[in-house]
Amino acid sequence: MRHSSLLGMVAAVVIGCAATPALAQEQEAPRISAEQWAKLTPTLDLFFSRLQAGDVEEAYDGLIGDTPMPNRAAVMPTMIAQSQSMLSLYEGVLGWEVVDQECLIETVCRVRYVVHSAQLPVFFTFDVYRAPSGWKVTSITFTDLASRVY
């Protein structure tokens, strides 16, 4: 008697599994197209070139100067000061490269870069929006902790 109830439960589980619809497969997030990437990268490369040259204020002004970020005026001095500290502490920018990029939709994306310095890598994350007038940076963060990037 005990075996028959076990078989009944096994049969119910098997039937339940067969009747359960397949789990939704994760849809791959869109990526920035090659054409759009070609429009975005010169802006980010110019930002890093200016950082490398020590023109920190100009770097940020060129990147987010025309972005309607509501707190831009409040955060600019802090971002400039932190970036100047980063340049001093890590002995400048030796180079940079894209780590990855991902999009929620084709016009709302996140791009991550690693900046190489003489001391440690620094990771920059840019949230960007493709407005009708072109790509706009909506958020910038940077850290020297790789664990915050993974």
Side-chain angles (χ1 to χ4, degrees), residues 10 12-150:
V10 170
V13 170
V14 170
I15 291 170
C17 288
T20 303
L23 296 174
Q25 293 183 3
E26 284 190 34
Q27 184 177 357
E28 189 172 317
R31 299 191 52 83
I32 301 173
S33 71
E35 176 187 350
Q36 290 302 319
W37 188 248
K39 293 177 182 180
L40 175 59
T41 54
T43 302
L44 299 175
D45 284 341
L46 181 59
F47 170 77
F48 289 122
S49 293
R50 288 175 172 164
L51 277 185
Q52 188 174 42
D55 299 327
V56 179
E57 194 167 331
E58 188 177 337
Y60 280 100
D61 189 51
L63 189 65
I64 61 174
D66 68 341
T67 300
M69 294 169 64
N71 60 351
R72 183 187 71 219
V75 300
M76 280 279 278
T78 303
M79 293 294 289
I80 290 168
Q82 289 176 344
S83 295
Q84 288 169 331
S85 293
M86 181 259 311
L87 291 173
S88 176
L89 185 64
Y90 299 136
E91 301 175 14
V93 172
L94 300 177
W96 57 91
E97 61 185 297
V98 177
V99 174
D100 71 359
Q101 53 110 331
E102 60 186 340
C103 299
L104 294 174
I105 58 174
E106 291 178 2
T107 57
V108 179
C109 302
R110 176 168 288 159
V111 182
R112 291 182 188 92
Y113 277 78
V114 60
V115 171
H116 302 285
S117 74
Q119 300 300 320
L120 289 173
V122 179
F123 302 92
F124 278 77
T125 301
F126 301 91
D127 290 345
V128 295
Y129 171 67
R130 191 178 77 216
S133 61
W135 287 99
K136 304 284 185 187
V137 174
T138 60
S139 173
I140 306 166
T141 58
F142 65 92
T143 182
D144 59 1
L145 300 174
S147 62
R148 293 202 177 152
V149 179
Y150 291 103

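Quick note: residue numbers are just sequence positions, from 1. FYI, side chains are in, hydrogens and waters are out, and symmetry mates aren't considered; it's all heavy atoms of this structure. Predicted model, so just to flag it, every value in this text is computed and none were measured.
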Side chains of R50 and Y60 in contact at under 4.5 Å (non-hydrogen atoms): no
Measure the OG-CD distance between S49 and E58 for me, rounded to the nearest 0.5 Å. 11.0 Å
Neighbour count above 12 (heavy atom, 6.0 Å) for E106 CD: no
Applying side chain to side chain contact (heavy atoms under 4.5 Å, CB included) to V111 and I32, what does each step give before you reach the verdict? CA-CA 10 Å; V111 182; I32 301 173; 4.0 Å; yes
Do F126 and L63 have side-chain heavy atoms sitting under 4.5 Å apart? yes
Could you tell me if the side chain of R148 sits less than 4.5 Å from the side chain of F123, heavy atoms only? no
N/O donor-acceptor pair under 3.5 Å between R110 side chain and T125 backbone: no
Can you check side chain to side chain contact (heavy atoms under 4.5 Å, CB included) on H116 and V114, steps first, answer last? CA-CA 6 Å; H116 302 285; V114 60; 3.8 Å; yes
Minimum heavy-atom distance between S117 and G92, given as atom pair plus value: CB-O, 3.1 Å
Donor-acceptor check, side chain of S88 to backbone of Q84, threshold 3.5 angstrom: yes or no? no
Separation between CD1 of I64 and CZ of F47, rounded to the nearest 0.5 Å: 8.5 Å
Can you tell me how far CD1 of I105 sits from OH of Y129, rounded to the nearest 0.5 angstrom? 7.5 Å
What's the spacing between L51 CG and M86 CE if we round to 0.5 Å? 5.5 Å
Is the shortest heavy-atom distance from the side chain of F142 to the side chain of Q82 under 4.5 Å? yes
What heavy-atom pair brings A131 and K136 nearest, and what distance separates the two atoms? CB-CG, 4.1 Å
With rounding to the nearest 0.5 Å, note down the distance linking CD1 in I80 to CG in D61. 8.0 Å
What verdict does the ring-ring contact (aromatic ring centres under 6.0 Å, His included) test give for W96 and F48, after you've listed the backbone C-alpha separation in whole Å, the side-chain angles of each residue and the deciding distance to 0.1 Å? CA-CA 7 Å; W96 57 91; F48 289 122; 5.5 Å; yes
Any donor-acceptor pair under 3.5 Å from T138 side chain to D127 backbone: yes
Roughly how far, to the nearest 0.5 Å, is the CH2 atom of W135 from the OG1 atom of T41? 11.0 Å
Can you confirm whether E57 is buried at CD, in the sense that more than 12 heavy atoms of other residues, nucleotides or ligands lie under 6.0 Å from that atom? no
Shortest non-hydrogen pair, I140 vs F124, comes out as CG2-CD2, 4.3 Å
Intermediate values then yes/no, side chain to side chain contact (heavy atoms under 4.5 Å, CB included), V122 and Y90: CA-CA 9 Å; V122 179; Y90 299 136; 3.7 Å; yes
